[in-house]
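Report on one structure; see the data block that follows.
As the structure is a computational prediction, the values presented were derived from the model and not from experiment. Atoms within a ligand are numbered from 1 in the order they appear, just like the ligands themselves.
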Amino acid sequence: APAGERLLDIAQAEGQPLEGTCEGQMACSTCHVLVRAADLAKLPAPSPHEEDMLDFAWQPDPLRSRLTCQLRVTGDLDGLVVTMPERQI
Ligand code: FES
């Protein structure tokens with residue numbers, strides 16, 4: 001994946017069914033994923049606004065849930081594994 005691209009855009013380009021209804025404006029939480037526990041240290045901490053929006057996601061995990069519209073590819077994310085929750089909302 002190209003550096004700087006959002007995980008949401010990459011997943012959608014690959015045909016993954018991540019809605020991203022608000023197109024990254026942090027107003028929907030339909031881009032929610034669960035990060036593999038072993039990869040959590042690779043990611044920057046979520047912003048307070050992202051944490052607030054995750055409260056609206058379906059069964060958010062306090063440690064592993066993230067919004068893919070807020071995650072951009074960097075070299076540090078090499079090998080990152082995320083999974084989609086059973087539902088988005
Ligand atoms: Fe809406 Fe990420 S696309 S919060």
Please identify which atoms of ligand 1 are closer than 4.0 Å to at least one heavy atom of [X].
{"X": "Ser29", "result": "1 (Fe), 4 (S)"}
{"X": "Cys31", "result": "2 (Fe), 3 (S), 4 (S)"}
{"X": "Gly24", "result": "3 (S)"}
{"X": "Cys69", "result": "2 (Fe), 3 (S), 4 (S)"}

*Would a 4.5 Å heavy-atom cut-off, applied to side chains only, mark Arg72 and Leu7 as touching?*
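No, too far: nothing below the 4.5 Å cut-off.
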*Answer whether the closest heavy-atom distance between the side chains of Arg6 and Thr68 falls below 4.5 Å.*
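Side chain of Arg6 against side chain of Thr68, heavy atoms only: no contact under 4.5 Å found.
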*Could you tell me whether ligand 1 has any atom less than 4.0 Å away from a heavy atom of Met26?*
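True for this residue.
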*Is His32 close enough to atom 2 (Fe) of ligand 1 to have an N, O or S atom under 2.8 Å?*
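Checking atom 2 (Fe) of ligand 1 against His32, no N, O or S atom falls under 2.8 Å.
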*Indicate if the distance from atom 2 (Fe) of ligand 1 to the nearest N, O or S atom of Cys22 falls below 2.8 Å.*
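No, outside the cut-off.
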*Asp78 atom CG: more than 12 heavy-atom contacts under 6.0 Å*: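 No.
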*Exceeds 12 heavy-atom contacts within 6.0 angstrom, atom CD of Glu5*: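 For Glu5, atom CD is crowded (more than 12 foreign heavy atoms under 6.0 Å).
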*Would you confirm whether Ser29, through its side chain, and Leu54, through its main-chain N or O, come within 3.5 Å as a donor-acceptor pair?*
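No; judged by distance alone, with no hydrogens or angles, the pair does not exist.
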*How long is the gap from CG on Leu77 to CG on Leu71, to the nearest 0.5 Å?*
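The CG atom of Leu77 sits 7.5 Å away from the CG atom of Leu71.
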